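Worth saying up front: this structure is predicted, and the values here are computed from it rather than measured. Just so you know, these numbers use all the heavy atoms, side chains as well, and skip hydrogens, waters and symmetry mates.
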There are 2 protein chains.
Amino acid sequence: MPNQLAKLDGVYQALASPARRHVIAELGRGPTTMSALAEPFDMALPSFLQHLQILENRGMITSSKSGRTRTYSLVPHGLVSAEDWLSEQRSVWSSRLDRLDDLLHKLKESES
Amino acid sequence: MPNQLAKLDGVYQALASPARRHVIAELGRGPTTMSALAEPFDMALPSFLQHLQILENRGMITSSKSGRTRTYSLVPHGLVSAEDWLSEQRSVWSSRLDRLDDLLHKLKESES
DNA sequence: AAGTTGATTAGGCATTCACCTAAGTATAGA
DNA sequence: TCTATACTTAGGTGAATGCCTAATCAACTT
């Protein structure tokens, strides 16, 4: 039972690898074939396939096969949960920092 | 030699755990002691300490000890690189989706 | 039909991860 | 000074991760 929390785990875990981030970035520009995605990496194909499967199992990308080539595409909203969490965090501590900033300014003013 | 890329790896890896995300979220509200952070988790302290050390090694949090308690705080810009990468990705594919959307609209219009 | 190519399956191996228990150390309080 | 508290160190275990090679399958191509 993958709840929302476990899902976030998976998305961040998936992003913690250059190969997988490359796939996401590349597919952001449009669908691409498996071997084209793998090409820049000095890695055996089966190893690269694992990365693709991780992303696919997380629901971040999809694929379909036609002939003997498999084409991958981005699932548009696969990254949203991850980005949401991060920006929420930032909004919490940045407002806290703003208040701190205010405080420092006031201290400075009261000095002079 | 931790380059920018390896650093991103580390940040995402660090976020791929409920315990560690809890720490980030909690410290976003202000500095807190180690045992307070650990309290909600059913986990031995040494295990929890590992999570804190992972975050600290990544430069996402800092700590200092006074007396026998250690207090952790957020390092304000520790999450920025992760958020930047994500929002950049989104901007790429969302503009692509917008163009697709336009295309579909035009197709629909030309039908009628 | 035979060869080549793109992808897949199977299985193996080293490393890292996420936990644990047990045994410290150092400070605070009675 | 004794004891409780807050954390730390050391060491061990099972599962997951990230890579590999070898073999196979399923289209194309010739």
Side-chain angles (χ1 to χ4, degrees), chain A residues 1-3 5-24 26-27 30-73 82, chain B residues 1-3 5-24 26-27 30-73 82:
Chain A
M1 2 216 86
N3 51 33
L5 213 118
K7 191 184 161 192
L8 249 196
D9 282 16
V11 173
Y12 284 126
Q13 178 76 315
L15 293 176
S17 140
R20 294 190 297 253
R21 283 198 306 278
H22 169 85
V23 170
I24 295 290
E26 206 59 32
L27 294 183
T32 314
T33 181
M34 174 177 166
S35 42
L37 287 168
E39 192 273 324
F41 292 88
D42 184 20
M43 191 185 292
L45 254 198
S47 310
F48 195 81
L49 178 59
Q50 288 188 334
H51 289 297
L52 292 170
Q53 286 171 342
I54 285 171
L55 292 169
E56 193 161 18
N57 293 338
R58 303 304 195 238
M60 299 166 79
I61 66 178
T62 1
S63 70
S64 65
K65 194 165 183 176
S66 115
R68 63 192 153 164
T69 78
R70 181 173 289 276
T71 298
Y72 285 90
S73 343
Chain B
M1 6 204 89
N3 51 32
L5 213 119
K7 190 185 162 191
L8 249 195
D9 282 15
V11 173
Y12 284 126
Q13 178 77 310
L15 294 175
S17 143
R20 293 191 296 252
R21 282 198 306 279
H22 169 85
V23 169
I24 295 289
E26 206 58 32
L27 294 185
T32 314
T33 179
M34 174 176 164
S35 41
L37 288 168
E39 191 274 323
F41 292 89
D42 184 19
M43 192 186 292
L45 253 199
S47 311
F48 194 81
L49 178 58
Q50 288 188 335
H51 288 297
L52 292 171
Q53 285 171 343
I54 284 170
L55 292 169
E56 193 162 17
N57 293 337
R58 302 306 194 240
M60 299 166 80
I61 67 179
T62 0
S63 70
S64 65
K65 194 163 184 178
S66 113
R68 61 190 156 165
T69 78
R70 181 173 289 276
T71 298
Y72 285 90
S73 344

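The phosphate of D/dC7 (OP1 or OP2) has a side-chain N or O of B/Ser35 nearer than 4.0 angstrom. Considering only side-chain N and O atoms, A/Arg70 lies under 4.0 angstrom from the phosphate OP1 or OP2 of C/dT8. The shortest distance between the side-chain N/O atoms of A/His51 and the OP1/OP2 oxygens of D/dC19 is below 4.0 Å.
In this entry the distance linking CG of B/Leu45 with P of C/dG24 reads 18 Å, nearest Å. Separating the CG atom of A/Leu52 from the C1' atom of C/dT8 is a distance of 12 Å, rounded to the nearest angstrom. When rounded to the nearest whole Å, the span between CG of A/Asp9 and P of D/dA15 equals 19 Å. Atom CZ in A/Arg21 sits about 12 Å away from atom P in D/dG18, given to the nearest Å. The distance from atom CG of B/Leu15 to atom P of C/dA18 is 12 Å, rounded to the nearest whole Å. Computed from coordinates, the A/Gln50 CD to D/dA16 P distance equals 14 Å when rounded to whole Å. Atoms OH (A/Tyr12) and P (C/dC17) sit 19 Å apart, rounded to a whole Å. Taking atom CZ of residue A/Phe48 and atom P of nucleotide C/dG6, one finds them 15 Å apart after rounding to whole Å.
Here A/Thr33 lies in heavy-atom contact (under 4.0 Å) with sugar-phosphate atoms only. Residue B/Thr69 is classed as a sugar-phosphate contact, given heavy-atom separations below 4.0 Å to backbone atoms only. Within 4.0 Å of A/Gln13, counting heavy atoms only, lie sugar-phosphate atoms of the nucleic acid but no base atom.
Mapping A/Pro46 and A/Arg20 onto DNA chain D by nearest heavy atom places A/Arg20 at the nucleotide closer to the 5' end. Along DNA chain D, the nucleotide nearest to B/Arg68 and the one nearest to B/Tyr72 differ in position, and the one closer to the 5' end is contacted by B/Arg68.
Within the 4.5 Å cutoff, the side chain of A/Ile24 has heavy atoms near those of the A/Ile61 side chain. Using a 4.5 Å heavy-atom cutoff, the side chains of A/Asp9 and B/Ser17 are not in contact. At a threshold of 4.5 Å between non-hydrogen side-chain atoms, the residues B/Met34 and B/Thr71 do not count as touching.
Checking D/dG18, D/dT8, C/dT9 against the side-chain heavy atoms of A/Leu49 singles out C/dT9 as nearest. Picking from C/dC20, C/dA7, D/dC19 the nucleotide with the shortest atom distance to the side chain of B/Ala44 gives C/dC20. The side chain of A/Met43 lies closest to D/dC20, out of D/dC7, D/dC20, C/dC19. Listed nucleotides D/dC7, C/dT8, D/dC19 differ in distance to B/Lys65; the shortest reach to its side chain belongs to D/dC7.
In summary, the aromatic rings of A/Phe41 and A/His51 are positioned with their centroids too far apart to meet the 6.0 Å limit.
A donor-acceptor contact under 3.5 angstrom links the side chains of A/Ser63 and A/Glu56, judged on distance only.
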